[in-house]
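Residue numbering restarts at 1 for every chain, and letters A, B, ... go by the order of the sequence lines.
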Amino acid sequence: MRRTHRCGDLTASHAGQHAILQGWVHRQRDHGGLIFIDLRDRAGIVQVVFNPEITPDAHKVASEAHGEYVLEIEGPVSLRPAGTENSDLPTGAIEVVAIRAEVLNPSLPLPFEVSRDADLDESLRLRYRYLDLRRERMKNNIVTRAKVVKTMRDYLDERGFIEIETPILTKSTLEGARDYLVPSRVHPGEFYALPQSPQQLKQILMVAGLDRYYQIARCFRDEDQRGDRQPEFTQLDLEMSFVERNDVLELMEELYIRIAETCSQRKLMAKPFPRYSYEEALRRWGSDKPDLRFGVELVDLSDEVGETTFNAFSAVLAAGGVVKGIVAPGWASLTRKETDALIDQAKQFGAKGLVTLAVEADGLRGGAAKFLSEQETGRIVARSGASLGDMLLIVADQPLVAADVLGRLRLEVGRRCNLIDDNLLAFGWIIDFPLMEWLPEENRWTFMHNPFCSAIVMDADAIRANPGGIASNQYDLACNGYEVGGGSIRIHKPEIQRVIYELMGYSKEETEASIGHMLEAFEYGAPPHGGIATGLERTVMLMVDEPNIREVMAFPKNQSAQDLLMNAPSGVDERQLRDLHIGLHLG
RNA sequence: GGGCUCGUGGUGUAGUGGCCAAACAUGCGGCCCUGUCAAGGCCGAGAUCGGGGGUUCGAAUCCCCUCGAGCCCGCCA
């Protein structure tokens with residue numbers, strides 16, 4: 001290797017050393033006489049100075065170099081002349097005085113500027129991802145991601161975990177997201193599925209006695225994109241034998257504290273992480289992944305309007321619903337148009353409507369105000385703690401709907417009122433989820449977390465008798481409004497596992513076809529076990545304060561699941577399809 | 001599948017019916033310039049305003065269709 005130093009590593013302590021550097025032209029400043037080039041490599045930027053009177057050949061190379069040319073330069077590392085130091089640059093005390101320069105490779109004019117942090121069209125960035133990744137912000141994100149992964153590996157290794165890989169070509173599951181399928185050449189008409197997570201195999205590893213497993217696991221889900229969702233993503237997946245819920249929680253909490261303290265500028269809002277039951281999280285913040293960085297908690301106003309003649313409230317209360325609200329500070333000044341937009345948003349979130357009541361000097365203003373008695377409005381204001389100039393946002397609906405809609409509106413309020421401190425990481429555990437949830441459209445039960453999650457009371461008859469009322473051993477890690485991860489203490493007794501599938505509406509045959517291999521494994525001395533999986537990208541997003549999962553992946557796909565750099569997906573050769581016994585029926 | 005927002009020189013923006021045969025910054029080309037660090041100064045090239053159709057005396061601007069992008073809802077054990 002010819003290079004002697006990395007550009008960004010040079011400091012005053014290197015002064016006097018002879019350096020050979022290789023890197024990219026970040027910027028060039030041509031003074032006609034002197035030329036300055038900021039040379040950049042992964043470590044950073046250093047100024048190189050070219051003097052035409054001393055080294056005319058090197059100066060000529062520098063004068064022809066443009067942005068992103070790859071240069072090799074050679075010369076002494078020198079303290080800068082007094083008064084020309086640049087304190088903004090880590091290498092600003094020194095410069096390299098070039099005595100020789102060579103263009104290793106030129107660059108075409110760029111489709112966008114690497115040396116500038118600008119908001120660019122994303123399809124352009126993705127098409128030229130190799131240029132995008134040269135930008136400071138993206139480089140930092142990718143480096144931080146590597147640091148997070150290394151922290152995870154080091155930490156789990158210290159605690160006796162072993163990293164085990166599980167197959168990428170695996171079996172399709174009945175429940176969950178849509179699978180990515182891979183046709184089998186050897187078995188016509190049969191398919192592998194890419195794993196949505198290594199869930200079943202990690203449990204089988206526990207049966208295998210491997211005791212403490214982890215994996216930085218790639219997962220695939222063929223669902224539509226979101227800001228925090230990609231078709232393929234990475235999880236920290238782990239599983240432990242002979243543990244209880246608290247063992248997993250404490251293990252993960254210590255890991256995430258270490259990650260936050262070593263990989264992020266942001267500060268932990270609380271440690272240890274607070275724990276809230278699912279019921280409390282929904283009641284107070286309207287979400288099972290609440291953003292705990294700000295208040296604006298939900299208020300139950302059902303009692304305050306219990307006797308009301310206002311039909312929108314009384315009808316809902318009579319049907320077993322609730323009337324709940326939040327206080328938006330200062331929103332009494334919202335225009336009619338803004339208020340209408342808010343109501344539309346509430347409807348999009350699933351509410352039948354939204355009652356807005358502005359707190360003004362002479363009472364409450366809003367469409368519903370005239371239907372409420374003075375006593376009622378007085379009680380509402382008192383209970384909610386709303387002050388002059390605030391606006392009450394009230395939803396009357398079934399408890400889950402009201403909580404969900406207000407939870408989303410709460411985030412909107414937090415954002416728009418600048419109540420959120422960007423510098424904070426507010427982790428919290430959400431525990432005591434219900435084991436199962438009723439699907440009215442399908443007339444059956446389904447699991448809340450995954451079908452392998454155990455109940456706190458592991459009694460087959462009790463579960464059968466009241467599936468929705470049984471508390472489970474599920475736990476989620478939430479942070480700043482994201483679900484970072486979730487896990488559970490699992491079912492390790494085959495007869496209990498069968499009850500769950502029975503409640504989900506599967507026949508004995510369907511159950512055997514789907515998870516017969518696991519049920520069989522559990523007959524051979526399965527240890528009690530539990531684990532968790534957290535999203536790596538979401539973790540890194542939180543550490544570097546990025547709002548989008550694509551910013552922490554080297555080569556993400558766009559909103560329509562395309563890779564714009566490689567141009568995937570793409571058509572394939574007829575011959576490949578024949579080999580796979582695939583015929584196309586395009587609509 | 002649905003809703004919302006956006007699409008103007010290479011890039012990022014301004015322009016919301018005539019003042020626009022489109023402006024600014026940056027990048028690009030040329031010239032000048034020996035201590036800059038987003039170097040500076042002067043000159044120049046570069047856009048049929050995503051595409052198609054319509055309304056109008058007149059359209060980047062209004063309407064319809066279409067393509068593309070992003071965000072959200074549905075979906076996501």
Side-chain angles (χ1 to χ4, degrees), chain A residues 26-39 45-54 59 63 66-68 78 80-89 91-92 95 97 107-128 131-132 173-179 195-197 199-200 219-231 233 341 344-351 404-405 408 411-412 433 436-437 439 446-453 474 483 486-488 500-501 504 514-515 533 535 547-548 550 558-560 562 564:
Chain A
H26 191 66
R27 287 202 181 90
Q28 183 233 40
R29 293 179 292 280
D30 187 341
H31 287 234
L34 285 182
I35 295 175
F36 299 97
I37 283 181
D38 291 337
L39 198 67
I45 290 170
V46 70
Q47 173 165 285
V48 184
V49 60
F50 299 80
N51 190 322
E53 287 171 7
I54 304 170
H59 181 270
S63 73
H66 289 246
E68 300 305 307
S78 311
R80 292 194 188 187
T84 66
E85 300 88 352
N86 183 353
S87 57
D88 295 337
L89 217 55
T91 61
E95 61 193 1
V97 180
S107 168
L108 288 172
L110 300 161
F112 55 84
E113 286 163 74
V114 169
S115 62
R116 205 174 289 261
D117 184 27
D119 279 329
L120 297 169
D121 181 70
E122 263 214 73
S123 48
L124 192 74
R125 293 176 56 197
L126 292 175
R127 179 162 165 233
Y128 296 100
L131 296 179
D132 193 33
T173 50
L174 284 167
E175 298 269 341
R178 212 171 282 117
D179 285 317
Q196 295 182 26
S197 79
Q199 179 66 36
Q200 293 190 34
C219 305
F220 306 85
R221 293 178 192 177
D222 186 4
E223 297 292 347
D224 288 333
Q225 316 289 290
R226 284 293 182 280
D228 60 351
R229 266 162 39 191
Q230 279 270 306
F233 61 98
D344 282 346
Q345 201 167 12
K347 285 179 179 163
Q348 229 210 338
F349 291 153
D404 183 46
V405 172
R408 292 166 190 255
L411 294 178
E412 187 74 18
F433 283 76
M436 306 200 79
E437 129 187 86
L439 292 177
T446 190
F447 44 85
M448 198 78 181
H449 167 58
N450 73 31
F452 313 113
C453 178
Q474 181 196 340
E483 180 192 329
S488 60
I500 300 293
Y501 270 69
M504 288 179 349
S514 178
I515 56 160
N548 192 301
R550 292 185 298 274
N558 71 0
Q559 185 84 356
S560 31
Q562 294 164 306
L564 297 178

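- Relative to the side chain of A:Arg408, the nucleotides B:G35, B:G70, B:G74 differ in distance, and B:G74 lies closest.
- To the nearest whole angstrom, the two C1' atoms, one in B:A47 and one in B:C24, are 14 Å apart.
- Taking 3.5 Å as the limit, the base of B:A38 and the side chain of A:Arg116 contain a donor-acceptor pair of atoms between them.
- Neither OP1 nor OP2 of B:G70 sits under 4.0 Å from any side-chain N or O of A:Ser123.
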Walk me through whether A:Ser197 and A:Arg221 qualify under side-chain contact (heavy atoms from CB on, under 4.5 Å).
CA-CA 9 Å; A:Ser197 79; A:Arg221 293 178 192 177; 4.2 Å; yes
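- The base of B:C75 lies outside donor-acceptor range of the side chain of A:Arg221, with no N or O pair under 3.5 Å.
- Look at A:Asn558 and you'll find a side-chain N or O under 4.0 angstrom from OP1 or OP2 of B:A69.
- Every side chain to side chain contact (heavy atoms under 4.5 Å, CB included) that A:Arg550 has, sequence neighbours left out, goes to A:Glu122, A:Gln230, A:Asn548, A:Pro556, A:Gln559.
- Residue A:His31 places none of its side-chain N or O atoms closer than 4.0 Å to OP1 or OP2 of B:C32.
- If you find the closest nucleotide of RNA chain B to A:Gly83 and to A:Met448, the one lying nearer the 5' end belongs to A:Gly83.
- Residues meeting the salt bridge (Lys or Arg N to Asp or Glu O under 4.0 Å) test with A:Arg226, sequence neighbours left out: none.
- Rounded to whole angstrom, the span from the CZ atom of A:Phe349 across to the P atom of B:G74 amounts to 9 Å.
- Side-chain N/O atoms of A:Gln28 include none lying less than 4.0 angstrom from OP1 or OP2 on B:C37.
- Listed by chain and number, the residues in a side chain to side chain contact (heavy atoms under 4.5 Å, CB included) with A:His66 are A:Tyr69 (sequence neighbours excluded).
- Among residues two or more places apart in sequence or in another chain, the side-chain hydrogen bond (donor to acceptor under 3.5 Å, both in side chains) test is passed with A:His59 by none.
- One finds no side-chain N or O of A:Gln345 lying less than 4.0 angstrom from the OP1 or OP2 phosphate oxygen of B:C72.
- In this model, a donor atom of one side chain and an acceptor atom of the other lie less than 3.5 Å apart for A:Gln47 and A:Arg29.
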Set out, line by line, the N/O atom pairs under 3.5 Å between protein and nucleotides 8-13 of chain B.
from: B:G10; atom 1: O2'; to: A:Pro111; atom 2: O; distance (Å): 3.1
from: B:U11; atom 1: O4'; to: A:Pro111; atom 2: O; distance (Å): 3.3
from: B:G12; atom 1: OP1; to: A:Asp121; atom 2: N; distance (Å): 3.0

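- Remark: A:Asp228 pairs with A:Arg538 by the salt bridge (Lys or Arg N to Asp or Glu O under 4.0 Å) rule, at least two apart or across chains.
- For A:Gln348, whose side chain is taken as the heavy atoms from C-beta onward, the closest listed nucleotide among B:G2, B:C71, B:A39 is B:G2.
- When the salt bridge (Lys or Arg N to Asp or Glu O under 4.0 Å) test is applied to A:Arg80, no partner is found at least two apart in sequence or on another chain.
- Side-chain contact between A:Asn51 and A:Val97 is absent, with no heavy atoms from C-beta onward closer than 4.5 Å.
- Put simply, CD on A:Glu68 is 11 Å from P on B:C28, counting in whole angstrom units.
- Taking the side chain as every heavy atom from C-beta outward, A:Ser514 and A:Tyr501 approach each other to under 4.5 Å.
- Side-chain nitrogen and oxygen atoms of A:Asn548 include at least one within less than 4.0 Å of the OP1 or OP2 phosphate oxygen of B:C71.
- A:Arg178 pairs by the salt bridge (Lys or Arg N to Asp or Glu O under 4.0 Å) definition with A:Glu223, not counting sequence neighbours.
- Side chain A:Arg29 to base B:C33: no donor-acceptor pair is found below 3.5 Å.
- When the side chain to side chain contact (heavy atoms under 4.5 Å, CB included) test is applied to A:Pro81, the partners found at least two apart in sequence or on another chain are A:Thr84, A:Glu95.
- Each of B:G70, B:C75, B:A69 was ranked by its minimum atom distance to the side chain of A:Arg550; first place goes to B:G70.
- Here B:C75 is the nucleotide among B:A39, B:G35, B:C75 with the atom lying nearest to any side-chain atom of A:Arg226.
- A close approach under 4.0 Å does not occur between any side-chain nitrogen or oxygen of A:Arg178 and OP1 or OP2 of B:C76.
- Comparing A:Asp224 and A:Val49 by the nucleotide of RNA chain B that holds the closest heavy atom to each, the one mapping nearer the 5' end is A:Val49.
- Listed nucleotides B:G35, B:C71, B:G29 differ in distance to A:Gln47; the shortest reach to its side chain belongs to B:G35.
- Atom CD in A:Gln559 sits roughly 14 Å away from atom C1' in B:G74 (whole-Å rounding).
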Under a 3.5 Å cutoff on both atom distances, Watson-Crick or G-U, what's the dot-bracket for RNA chain B ([ ] crossing, | other strand)?
((((((((.[[[[.)..(....]]]].(((((.......))))).....[[[[[..)....]]]]])))))))....
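- On a pure distance criterion of 3.5 Å, no polar donor-acceptor pair joins the side chain of A:Glu85 and the base of B:G35.
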Can you give me the N/O atom pairs linking the protein to nucleotides 40-42 of chain B at distances under 3.5 Å, or say none if there are none?
none

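- With sequence neighbours excluded, the residues satisfying side chain to side chain contact (heavy atoms under 4.5 Å, CB included) with A:Leu564 are A:Ser123, A:Leu126, A:Asn558, A:Gln562.
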